[in-house]
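See structure below.
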There are 2 protein chains.
Amino acid sequence: MSSRGVRHDSMRARNLAVVLDAIHRTGPHTRAALAERTGLTKTTVSSLVADLLEAGVVTESGAVRGGERGRPGVAVSLSGHRVATLGLEINIDYLAACVVDLTRTVRLRRTRPADNRSSNPAEILERLRDLAKETTAEAESAGLRVIGAALAVPGTVEGGVLRSAPHLGWRDVRVEDVIDLPLAIDNEANLAALGELWFGSRDTDFLYVSGEIGIGAGLVVGGTVFRGTFGLAGELGHVVVVPDGPACRCGGRGCLEVYAGQDALLGPLDSVAALVARLESGDPRALEACERAGHALGVALTSAVHLVDPGRIVLGGIFARLFPWLEGPVADGLGARLGQMRGTPPALVVSGIGADAAVLGAAGLVIQRILADPAEVLGL
Amino acid sequence: MSSRGVRHDSMRARNLAVVLDAIHRTGPHTRAALAERTGLTKTTVSSLVADLLEAGVVTESGAVRGGERGRPGVAVSLSGHRVATLGLEINIDYLAACVVDLTRTVRLRRTRPADNRSSNPAEILERLRDLAKETTAEAESAGLRVIGAALAVPGTVEGGVLRSAPHLGWRDVRVEDVIDLPLAIDNEANLAALGELWFGSRDTDFLYVSGEIGIGAGLVVGGTVFRGTFGLAGELGHVVVVPDGPACRCGGRGCLEVYAGQDALLGPLDSVAALVARLESGDPRALEACERAGHALGVALTSAVHLVDPGRIVLGGIFARLFPWLEGPVADGLGARLGQMRGTPPALVVSGIGADAAVLGAAGLVIQRILADPAEVLGL
DNA sequence: GGATTATGTACAGATTATGGACTAATATCA
DNA sequence: TGATATTAGTCCATAATCTGTACATAATCC
């Protein structure tokens, strides 16, 4: 919102972004096609593409021969050979890192199991630093240039500071010096939603529901994550399902998390795998837990649909694994409750990118920034 | 999202908007101060201001003499003398119109009582057309140039078409030829929120809760209304308060509207004024209805706060008039439920601009468009 | 093989912002 | 009271960037 004036250099910066975005959105294009799409002249596009080539973000991928007459054009596409980004994640029981190139290819992936509940922040950040350093070094020895990084955390983030991560027991932790690169920090659910956007369905409008120990959600509208006023939007887990239901850890009562959080779903079991096994064998207690969770999820999602109007609803995390048992109750609840208000309720689908959603999304966030302003990020 | 390239003319268009926005946001400024704020040079600012002067959107309002040394500058401020916008509203029992100038001064205001429930769309639109024509003519005879219009309707709008206005009994009505100007159509709650933004507190981040016959909400984040994927966001009235509560008109059960809609609040009474009278005289039935509505509103707003993270909550419409009796239960509910999750719950305040919020907001929407792209709108 | 058609580049021209010099108008200070 | 300092706004030559036409290039069509 700083509303600075536009000068010649920002005009060019913007046009670089426009051309790069066109290449990214609809695949390889010849310069002529890019000119058509962007409304710029062929001359200008040629000049912009030359800069992008030099920066290593695009490559010429050979002649396009469509059988049409006329001189064939040279297709320009995103290059996966030079620029890459680093995604990081701190979760309850592991640290993760990944390196992704501009073609959305995952080049490296590292996970370190760890019991982060019983360690203090400094210790964990130290281990994260090691992991980040190692991963980046490895990527660089493969010829990649890691441009930036983002970190997913299971908690609320305000202004780059981790405000509160209840399941880690952290409050107001400032994450610094993890790596010698610009580092963005964001909530696990928001980044998982970006993961779905970049590495999943490629749909640009959806509500990603992240079932981890807590329940979060990331809303993507028009390809952008909606964060609310203070970056705290998407706390689906604490939407009220039963106004005077059981007390929730958050201080409220009858929150979704009480009915559909991991603890509620697992009951005495100690892993999701165990729950799935019970479900597959038809265990009535397990089935009932899923039924109850699905019902609660249907109620909470109804409120969410009314409030934020998502294009579709994507279930991720443990909900993805439990999808076969959840889909029925959730869809029924949505269908029945949304009734008259809209033509059809938003489609309910399962996320395609399992447990890695958040780390991948973190890397995706940085890719998104490169595409949004290549000149700034790459120093063109 | 069309992502067109930037050319010289769009650079200038953007800079016109940047300068105009700076004038609008922080009051009158000298050219030198504008140059400072926008990062443009004095030369460029002078040239841009010259264009804005010619278009009649700004005026030179005399020398600024601050007692400082140096040549005094000439303050440039928004002009209320030429450009104006038209706000229109169709509501259950009246039609309304207003003309507002760029300084946010309401120049004209017309209301026509009408029982729109018992008329068909064509008839009402005909009457709206008359009202619009008269109001514009009057504004023009006062020397104003009405540039554009917007219409508030009590229902959902998708792509310029009124999809569903249950309280009017309308479905899929295309509003056309109402006036010989660009006409935007939007939901009453969204526009009332804009009304609050433009003519109320001037705060840029809040959730406006519109209590009319139905209950809607308009979320403003960073000065922009959040509309969701299909423009259907903000249906606070159908957030689930009690999952198996009484059936709601919408097909769901236990929606907020069932507990806090006008019908629920009024009971057998026939006007808000009557209810207020009862409340003031301490009538227990009336007090209990308010208590119950406030409680339900607290529950629904808790869910809303978790999902969309508003800066503050502004109660408008009938809730504004009932604020003294609602504030307690709503604030208690929010405070108790939000508990640990955030430092303090968002402030709960009453809207300053009574029943006119939506029409005013409609006019404000058009002003917002002028400020966002004066070149486009004014043909510079 | 010549006509046709489309791609991509070269170069002059157009548009817009910049930057330093200049004029204008006021306050401060001797 | 007059000289000086200081700030505002304009003028004009220059710079950055995009446009548009011309042209070389490389295919297909017949």
Side-chain angles (χ1 to χ4, degrees), chain A residues 3-20 22-23 28-54 58-77 374-375 380, chain B residues 3-20 22-23 28-54 58-77 374-375 380:
Chain A
S3 71
R4 307 288 293 174
V6 177
R7 307 152 67 144
H8 287 115
D9 52 343
S10 21
M11 173 161 71
R12 188 157 183 94
R14 186 77 232 289
N15 282 338
L16 282 166
V18 166
V19 168
L20 190 56
I23 296 170
H29 276 301
T30 65
R31 291 169 175 78
L34 288 169
E36 174 88 16
R37 287 185 65 84
T38 59
L40 297 165
T41 60
K42 289 188 291 174
T43 311
T44 305
V45 169
S46 281
S47 147
L48 293 165
V49 166
D51 281 9
L52 294 172
L53 279 168
E54 203 191 353
V58 302
T59 25
E60 296 190 324
S61 46
V64 166
R65 194 165 292 103
E68 297 129 23
R69 56 208 281 176
R71 171 177 168 180
V74 178
V76 177
S77 52
L380 285 179
Chain B
S3 71
R4 308 288 294 173
V6 177
R7 307 154 63 146
H8 288 112
D9 52 344
S10 20
M11 172 161 73
R12 186 156 184 96
R14 186 76 232 290
N15 282 338
L16 282 165
V18 165
V19 168
L20 189 56
I23 295 170
H29 276 300
T30 65
R31 290 169 176 77
L34 287 170
E36 174 88 16
R37 286 185 66 85
T38 59
L40 297 165
T41 60
K42 289 187 293 174
T43 311
T44 306
V45 169
S46 280
S47 147
L48 293 165
V49 166
D51 281 9
L52 293 172
L53 279 169
E54 202 189 354
V58 301
T59 24
E60 296 189 323
S61 45
V64 167
R65 194 165 293 105
E68 297 130 25
R69 57 209 276 174
R71 171 178 167 180
V74 178
V76 176
S77 52
L380 284 178

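Each chain gets a letter, A, B and so on, in the order its sequence line appears, and its residues count up from 1. Excluded from the calculations below are hydrogen atoms, water molecules and symmetry mates; all remaining heavy atoms, backbone and side chain alike, are included.
Both B:A32 and A:L48 lie near DNA chain D, and the one whose nearest nucleotide falls closer to the 5' end is B:A32.
Rounded to whole angstrom, the span from the CZ atom of B:R31 across to the P atom of C:dA24 amounts to 16 Å. Look at CD on A:E60: it is 13 Å from C1' on C:dT9, rounded to the nearest Å. Atom CG in A:L34 sits about 18 Å away from atom P in C:dA6, given to the nearest Å. In this structure, B:N15 atom CG and C:dT18 atom C1' are separated by 12 Å, rounded to whole Å. Remark: C1' of C:dT7 and CG of A:L40 are 17 Å apart, rounded to the nearest angstrom. Here the C1' atom of nucleotide C:dT16 and the CZ atom of B:R7 are 14 Å apart, to the nearest Å.
Applying the 4.0 Å criterion to OP1 and OP2 of C:dG19, one finds that B:T41 has every side-chain N and O outside that range. Phosphate proximity of C:dC29 to B:R69: absent, as no side-chain N or O sits under 4.0 Å from OP1 or OP2. B:R12 has a side-chain polar atom (N or O) that falls below the 4.0 Å cut-off from OP1 or OP2 of C:dA17. At the phosphate of C:dT5, neither OP1 nor OP2 sits under 4.0 Å from any side-chain N or O atom of A:R71.
Every residue meeting the salt bridge (charged side-chain N to carboxylate O under 4.0 Å, His left out) condition with B:R12, not counting sequence neighbours, appears here in chain and number order: B:D51. Taking B:E54 as the reference, nothing meets the side-chain contact (heavy atoms from CB on, under 4.5 Å) condition, with sequence neighbours excluded.
On the nucleic acid side, DNA chain D has its first and last nucleotide under 4.0 Å of a heavy atom of chain B at D:dA5 to D:dT19, going 5' to 3'.
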Which atoms of nucleotides 10-13 of chain C (N or O only) lie under 3.5 Å from a protein N or O atom, and what are those distances?
{"from": "C:dA10", "atom 1": "N6", "to": "A:T43", "atom 2": "OG1", "distance (Å)": "3.0"}

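At its two ends the helix from C:dG1-D:dC30 to C:dA30-D:dT1 runs along axes set 10° apart, each axis drawn from five pairs and the angle rounded to 10°.
Screening residues 41-50 of chain B for salt bridge (Lys or Arg N to Asp or Glu O under 4.0 Å), with sequence neighbours left out, gives no hits.
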